[in-house]
Each structure stands twice: as C-alpha cells, then as structure tokens.
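Contents: one structure, followed by commentary.
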Amino acid sequence: MKTILERHRILCVLAVLLFAGAATAREDDDDGDGPARLFSAWTVSIGARMGPAFGGANFAPNLTGKTVRMVVRPTISGKALRVKIENTQAATPVTFLRAFIGELGAGAALVPGTNRQLTFGGKAGLTLAAGGQAGDSAFSDLARFRVDAFTRLAVSLEIATATEVSGHQLGLATNYLADGAAGSNASGAGFTPVPANAGNFPVYWVGAVDVASGQAPGTIVTFGDSITDGRCSTQDSGGVIHPDQYNRWPDVLAARLHALMGKRAPAIANEGIAGNRIVSGGNGPPALTRVGRDVLDRAGLRWVVFFEGTNDITGGAPAATVIAGAQTIIDAVHAKGIPIIGVTVAPRGRAVTLGGWNSNFEAQRLVVNHWMHTEANFDALIEFGALLQGPIVADTPTNVAESLHPDFNCGDFTHPNTAGYRAMGEFIDLELFK
C-alpha cells in the first residue's frame, strides 16, 4: 500500500484531471467562477421493491392517483439542478403526470414562490419502464433554481398509475403524500406523512439531485451498507427513531467540509443500503451490481469512500470472497481514473444466540482488514474499525457490547449510536478531499 503522502499526491493529480472532465451545465450559477458543472449533491440508492403487497420496510400504499412529496437536502449551493427519477427495482412501469421542486417550509408546506415545475425532454409527464428495461430511469431537464447547501427541498411527483414503487428503505426523513394531483399545492394542505415503516421513513422514486456549481471541486460518493445508510443514527436513548436529524457520518463530513471550504466544498452522495453486501445476497443489489449506477455514473465524481464487507461475513462469506469482491470494486473505480478510499470492517458484538457475531466471523474480519493494510491498492484507508472497537468477546451470549465500543453502541451491538456517527464523521482527515 502506498504511503499517505504518496496517496495524497495521487489524489491531487487526479483532482486536476477530473475537475476538467466534470459534466458541464448549460447555465451559469451566480458564484462568479464561470460555467457551472453538475455534481450529485443529494442521493439515495434506489434498492427496494415496495408496494401494498409487501410488509415491513418494503411496504408502500397504493399510490395511483396520488401525489408524493419527497424531501431532499443538497450538500452544495448552486443556481440550477436536475432530478433523477428511478423505477429500477419495480417489476411494473410507472407514469407520472407532473413533477415539481420547491423549498420546504414547515411540514409539507413549501416556501411561497419557490415551487417550480420540472420537465422531462420538454414534457410535463414521464413514464418509466419496469426495472432492468431501457427507460427505467430518467433525469429531468436542467431547471434554473436557487440551491443553498443543506436547505431542504421537496420533489413532488403526481402519479397517474403505479402498481408498486422503487424506493429506498432507510430514508430517515419525513416524506408526504396526498390525494389527487397536488404537486402545485404550496400550502401542504391535504398532505400526510408517508408510512414510517417501523422507523425507516422510506423514499419513493427520487434517486438523485444534481446541482450546478462553478466552485465545487467534485462529488464524494460514500458507498456502503447500514452504517453509511445511517441505521441507529437518529435513535434516542429510549430506542425511539427520529426523522430529519441528518446524523449519518457522511452528513457530519459534509458539514465539516462546508465549514472549512464554503462554496468550494465537495458535494457528498450517500450510496448506503442497510443490509447490503459486496458479492451476493443481503438487501438491495450487491455492491458489485450497483457500482456503475450508484457510483461511477454520479455527476462530478471525484472520490469514492468504500465501506462494506461486514454483511458478507455474517452471511457466511469467507475473507477470500470479500477480498475478491472488494478488489473488483477497486479496479472498477480506478479504471475510471477515480481514487477510492477504503474503510476497515467494523466490529460487531451481537450474541451468537441471536444469530450475531462469532469467533469465525471475527477471524474473517481480521483477515480482510489485514489485507486492507498490507496488500489492497486503496488510495487511502480510514480506520473506522479501530475507532469503533472495544475489547472482543466472541462466542459469549453475555457482555457482548464489549466488542463494539460501549460509548458508541446504539444497543444492537452492531451499529453506532449518534455519538458514534459523529465521532466517525469527525475522525476523517479532510486533507483526503483537498
């Protein structure tokens, strides 16, 4: 593995090359640096097939003839944007009558005068094919719209027909729905919260918001599983999950970068899926399948932070399989001329009697992390594994919390608590992204 200094030099060289190749918008923003370029400034990975026939995190009501209002929070500022709508996981097509975007006010209401209709190839309506077929996703036309970093916006989709939904299970934001074609309704009257699905607060159809900026240097894609997606990040000491908190470690990282660099801070695209694996099984398409859509296709891509592997191990994959899958991801990212930063696999401590961690899983984790330190050709390495780890007590049904640092354990012995997520976001060296 290269030294930190050597890796940083590589990052700097790639930064110059990739900035020149970022997608160019047809409108300038107002920050005085000339032509704006598009950067993925808010994303989720659309990884779940949802609908009335499904239970739990995959439930969605019948949405034919309704309007959904999805809340997004871009991480950079700009004066133009486009929205990506995806039907990539549904087995049936969906048709939208109209789409709008506006600045979110209180509840489902929009700030007066901000709601703007979106078009798709100059048309108001949009039909997306079933997932896996040509035309299962689409970008809106570029729309002139003032975006301020971390200001919440709302994408309203009026649905003509939808048998099921392509969505993201762990949205952790309050989204809304209403009867009829209510996308132009700025007051929010008639809108009610989307079902929380046991504290997941899902997202329907909206996969990305790309913002035009003349100053942002690029997009950081955080590519991972539930600890990137934010499981437990908004859970209080009583076990209640709260939406709209933005406590994931990528959120903390985005805020730090913005505080340091202002409009010259990079955008962050969170591509975590709770329960995701690198190779096969788990929730959503595995990392090897989704790396193209969720990572390499993101606008203005300049860095990737890759944090997966723990779910492969608990699924029975040996270290060699995890390593081979991770190496394939590294090679795919490097083939595009993009630096990729690895993250060591974090410890888990759920009791064996609960189907959790055991001594064999721990042995596989240590082999994977040793490979990351000694042989993997990541451009840099983040030691979340060391940050989150307490004393290992494997194969012990009691005192299992000791394998995840007690100060950072949300109570499930697998995920950090709010303090843990904040520690992760503050642990990252910002020099990696300069």
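Note that these values count all heavy atoms, side chains included, but never hydrogens, waters or copies made by symmetry. Just so it is clear, the model here is predicted, and its values are computed rather than measured.
- For residues 305-314, the set of pairs meeting the salt bridge (Lys or Arg N to Asp or Glu O under 4.0 Å) definition, not counting sequence neighbours, comprises Arg290-Glu308.
- A donor-acceptor contact shorter than 3.5 Å links the side chain of Asn417 to the backbone of Ala419.
- Between Phe59 and Phe54, the ring center distance fails the sub-6.0 Å criterion.
- In this structure, CD1 on Ile341 lies 9.5 Å from CG on Leu381, to the nearest 0.5 angstrom.
- A donor-acceptor pair shorter than 3.5 Å cannot be found between the side chains of His168 and Ser45.
- Defined by atom type and a distance below 3.5 Å, a donor-acceptor pair is missing between the side-chain atoms of His334 and Asp331.
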**Item:** Criterion side chain to side chain contact (heavy atoms under 4.5 Å, CB included) on Ser77 and Arg146, from CA distance to verdict
**Value:** CA-CA 8 Å; Ser77 300; Arg146 179 69 229 174; 3.7 Å; yes

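- Among all heavy-atom pairs drawn from Gly183 and Ser156, the shortest one is CA-CB, 3.8 Å.
- Between the side chains of Asn360 and Arg365, not a single donor N or O lies within less than 3.5 Å of an accepting N or O.
- For the residue pair Thr228/Arg248, the side-chain donor-acceptor check at 3.5 Å is not satisfied.
- Going from atom CG of Asn87 over to atom OG1 of Thr92 covers 6.5 Å, rounded to the nearest 0.5 Å.
- For Gln215 and Ser213, the side-chain atoms include no donor-acceptor pair closer than 3.5 Å.
- Heavy atoms only, all atoms of each residue included: Val94 and Ala162 are closest at CG2-CB, 3.8 Å.
- In this structure, Arg116 fails the cation-pi test against Phe145, since its NZ or CZ atom is not both closer than 6.0 Å to the six-membered ring centre and inside 45 degrees of the ring normal.
- Side-chain atoms of Arg302 and Thr219 include no donor-acceptor pair closer than 3.5 Å.
- We find the OG1-CG distance between Thr67 and Leu177 to be 9.0 Å, quoted to the nearest 0.5 Å.
- A salt bridge is defined here as a Lys NZ or Arg NE, NH1 or NH2 lying under 4.0 Å from an Asp or Glu carboxylate O, and Glu164 with Arg49 meets this definition.
- We find the NZ-OG1 distance between Lys84 and Thr88 to be 7.5 Å, quoted to the nearest 0.5 Å.
- In this structure, Thr119 OG1 and Leu126 CG are separated by 10.5 Å, a value rounded to the nearest 0.5 Å.
- In this structure, the ring of Phe96 has its center less than 6.0 angstrom from the ring center of Trp205.
- Closest non-hydrogen pair, Asn369 versus Val345, comes out as OD1-N, 2.8 Å.
- Looking at Val147 and Lys79, their side chains never come closer than 4.5 Å, going by heavy atoms from C-beta outward.
- With no hydrogens or angles considered, no side-chain donor-acceptor pair links Thr234 and Asn247 at under 3.5 Å.
- Of all the heavy atoms in Val206 and Ile46, the pair that sits closest is O-CD1, 3.8 Å.
- Judged purely by distance below 3.5 Å, without hydrogens or angles, the side chains of Gln89 and Asp136 never pair a donor atom with an acceptor atom.
- The closest side-chain donor-acceptor pair between Gln245 and Ser233, if any, does not fall under 3.5 angstrom.
- A salt bridge does not link Arg231 with Asp229: every distance from a Lys NZ or Arg NE/NH1/NH2 to an Asp or Glu carboxylate oxygen is 4.0 Å or more.
- Nearest heavy atom pair, residue Val221 against residue Leu301, reads CG2-CD1, 3.6 Å.
- Counting heavy atoms from C-beta on, the side chains of His415 and Ile227 come closer than 4.5 Å.
- The shortest heavy-atom contact between Val333 and Pro339 is CG1-O, 4.2 Å.
- Note: Phe384 and Phe427 have tilted aromatic rings, judged against thresholds of 30 and 60 degrees for the angle between ring planes.
- The number of heavy atoms from other shown groups lying within 6.0 Å of CZ (Arg422) does not exceed 12.
- Counting only N and O atoms by type, the side chains of His373 and Glu383 include a donor and acceptor under 3.5 Å apart.
- Ion pairing between a basic and an acidic side chain is recognised when a charged N comes within 4.0 Å of a carboxylate O; Glu362 and Arg348 show no such pairing.
- Between the side chains of Asp244 and Thr174, at least one donor N or O sits under 3.5 Å from an acceptor N or O.
- Ring planes of Trp303 and Phe433: perpendicular class, angle over 60° (limits at 30 and 60°).
- Cation-pi geometry between Arg73 and Tyr246 is met: the NZ or CZ atom falls under 6.0 Å from the ring centre, inside 45° of the normal.
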